[in-house]
Amino acid sequence: MLTGVGDESMPNLERIEALFRSRRPGHSLPQALYNDADAFAFDLEAIFGRSWLMVGLEAELPKPGSYFALTLGRWPILVVRDRTGALGAFHNTCRHRGSQICADGHGAAARLVCPYHRWTYELTGELVHAARMGEDFDPAGHGLKPVQVASVGGVIYLCLADDPPPIKDFQAAFAPLIAPHQLADAKLAFESTLVEKANWKLVMENARECYHCGGQHPELSRSFPIEARAYFDFGEDSRIEAFNARMAEAGLPLGPIEGAWWQAIRFALNEGVLSMTEHGRPAVGVPMCDRAGGDIGSLRWAVEPHGFAHAAADHLFMFSAFPTAPGETVVVSKWFVHKDAQEGVDYDLETLTSLWTKTNLQDLALVENNQRGVNSPGYTPGPYSTEAETLAIRFVDWYCARAADYFEVDRARARPAAPKRIHAVADR
């Protein structure tokens, strides 16, 4: 059963499961999975409510009391560094009458104070002050509700489920790849938010392929190898072989590595390109990774259901898509640089952000146009390119597999327990 959804909007799981069963392998999804309110509620519960979500870097919480608040679907969340320096996460909802405690964004506080009636919480979630509540009130029973949190190589992941998917294999495989980028020494240089009038799956399918890049992203195409075959497969290419050899000599692992919901690889950028900027040159004078003369390509990693990131020598770009309605998605982008880099001296924000800002705006137009077409009575699911849309296929297949897992668990939950057998004396 879905949780947190009112009875009046409870999705018909049998209908939703039938939609998934009607999906033709290698093809886009049935229309209702892109625009239906029940399907959206299902996605929040079964997909976003049960996945590890990439939300930022530990470097965004530089000292005890630092926090950032964000909204994931219908969940306001608070990520905090407590007095001991430990990382924690909570539902950003007061245990009095439910007000959001901290506004979305970054801040710092000695304690967390609800703006409504001033209920006050320790950085570890305990309620420490609630005025005029009577002698029989027990503060111990009204602490903030925790959210599962994990740090992988300095990247923060949250999971809203009590029993999140395993993450240790990802930690073990990914940490060595990202370690040379020294994320502990990073800082957030800029953050942008776009509201896209399209279903989150259309946003992510677009983000998982570069079939469209040659015609739609002229700026990105100058640095990003858009002609690579499936999953950054360049075939036999002496330049790529030389790049791989240089990375091995510099002690930079390449990958690829992957699991059911994650993947990562270091790949070469286009000839003569050192960073994913419009001009191909580094945008930041203080590098995050100073190996191989800064010519280290990009370390790209992606997590299902919602994000990807690129770490070049000079900066890191992170993209996350969070659904807010059947036809609306909030896209959050973050740019990180070395903590010692000074804006106006070592980097210019326009130069740093222009490539992905333009790419995001181009993608916004593409996915909103895609949504309008999908909403048409004339829409029929079409075939993906097995050469150019491999990662889009991987994303949709993962989505369908996670849905199938949810339906199986739901059936098991609804199945009556087998009656206990009462043994007769003769059976003994």
Side-chain angles (χ1 to χ4, degrees), residues 1-5 42-61 64 66-95 98 100-102 104 106 112 121-127 141-175 178 183 200 259-262 264 301-309 318 320-323 330 332 334 398-399 401-403 405-406 409-410 413:
M1 178 179 292
L2 297 180
T3 59
V5 180
F42 173 83
D43 285 353
L44 287 184
E45 169 67 18
I47 307 300
F48 277 81
R50 296 167 183 266
S51 300
W52 285 105
L53 305 175
M54 180 172 66
V55 297
L57 300 188
E58 279 205 60
E60 294 178 69
L61 307 170
S66 297
Y67 69 82
F68 65 84
L70 70 162
T71 301
L72 307 177
R74 63 174 181 260
W75 300 282
I77 304 296
L78 191 58
V79 186
V80 181
R81 193 175 296 283
D82 69 21
R83 298 181 199 282
T84 70
L87 196 64
F90 305 94
H91 288 278
N92 190 9
T93 302
C94 184
R95 293 296 308 280
Q100 181 168 324
I101 299 169
C102 296
D104 282 10
H106 292 73
L112 307 170
Y121 301 87
E122 186 51 82
L123 298 174
T124 46
E126 296 90 350
L127 178 65
H142 295 82
L144 297 179
K145 293 185 178 180
V147 171
Q148 300 280 345
V149 60
S151 176
V152 181
V155 185
I156 300 173
Y157 295 86
L158 304 178
C159 184
L160 295 149
D162 293 331
D163 53 344
I167 197 170
K168 288 185 178 180
D169 58 342
F170 176 50
Q171 288 174 317
F174 181 66
I178 195 63
L183 298 191
W200 71 273
W261 56 272
W262 54 270
W301 75 95
V303 295
E304 315 298 8
H306 78 112
F308 68 85
M318 182 179 292
S320 296
F322 300 116
V330 170
V332 178
K334 295 184 178 184
W398 173 87
Y399 169 68
R402 289 292 292 164
D405 291 343
Y406 183 89
V409 170
D410 183 72
R413 189 187 298 118

Mind checking the [atom1]-[atom2] spacing from [X] to [Y]? Nearest 0.5 Å is all I need.
X: Phe322; Y: Leu70; atom1: CZ; atom2: CG; value: 6.0 Å
X: Glu126; Y: Leu144; atom1: CD; atom2: CG; value: 9.0 Å
X: Cys94; Y: Leu112; atom1: SG; atom2: CG; value: 10.5 Å
X: Ile101; Y: Phe90; atom1: CD1; atom2: CZ; value: 9.5 Å
X: Tyr121; Y: Arg95; atom1: OH; atom2: CZ; value: 7.0 Å
X: Asn92; Y: Thr71; atom1: CG; atom2: OG1; value: 7.5 Å

Which heavy atom in [X] sits nearest to a heavy atom in [Y], and how many Å separate them?
X: Ala59; Y: Leu183; result: CB-O, 3.6 Å
X: Ser151; Y: Leu87; result: CB-CD2, 4.3 Å
X: Pro166; Y: Asp169; result: O-OD1, 3.9 Å
X: Met54; Y: Val303; result: CB-CG2, 4.0 Å
X: Ala69; Y: Leu78; result: CB-CD1, 3.8 Å
X: Leu44; Y: Pro323; result: CD2-CG, 3.8 Å

Worksheet item: Hey, does the side chain of His91 reach the backbone of Trp75 with a donor-acceptor pair shorter than 3.5 angstrom?
Response: no
Worksheet item: Okay, side chain of Arg402, backbone of Arg50: is any donor-acceptor separation there less than 3.5 Å?
Response: yes
Worksheet entry | Pairwise side-chain contact, Ile77 with Val55, heavy-atom cut-off 4.5 Å (strictly under) |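 Contact flag for Ile77/Val55 side chains = no.
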Worksheet entry | Validation row: Val147, Leu160 side chains within 4.5 angstrom (heavy atoms) |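 In short, these two side chains touch, coming nearer than 4.5 Å.
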Worksheet item: In a check of side-chain contact (heavy atoms from CB on, under 4.5 Å) between Ile156 and each of Val149, Leu53, Leu57, which one passes?
Response: Val149
Practice prompt. State which residue, out of Trp262, Trp52, Phe170, fulfils the side-chain contact (heavy atoms from CB on, under 4.5 Å) condition with Pro165.
Written response: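 Considering Trp262, Trp52, Phe170, a side-chain contact (heavy atoms from CB on, under 4.5 Å) with Pro165 is found only for Trp52.
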Worksheet item: Among Phe308, Trp261, Phe174, Tyr157, which one satisfies ring pair (Phe, Tyr, Trp, His ring centres under 6.0 Å) with Trp301?
Response: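 Filter result, single survivor: Phe174.
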Worksheet entry | Ring center gap for Trp200 and Phe48 short of 6.0 angstrom |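 Centroid distance Trp200-Phe48: below 6.0 Å, so yes.
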Worksheet item: Should the ring pair Phe68 and His106 be called parallel, tilted or perpendicular, given that the plane angle runs from 0 to 90° and is split at 30 and 60?
Response: tilted
Worksheet item: Is the shortest distance from a Lys or Arg side-chain nitrogen in Glu60 or Arg81 to a carboxylate oxygen in the other one below 4.0 Å?
Response: no
Worksheet item: Does any donor atom in the side chain of Thr124 or Asp82 lie under 3.5 Å from an acceptor atom in the other side chain?
Response: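 Absent: no donor and acceptor within the cut-off.
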Discussion item. So, using side chain to side chain contact (heavy atoms under 4.5 Å, CB included) as the criterion, who are the partners of Lys168 when residues are at least two apart?
Written reply: Gln171
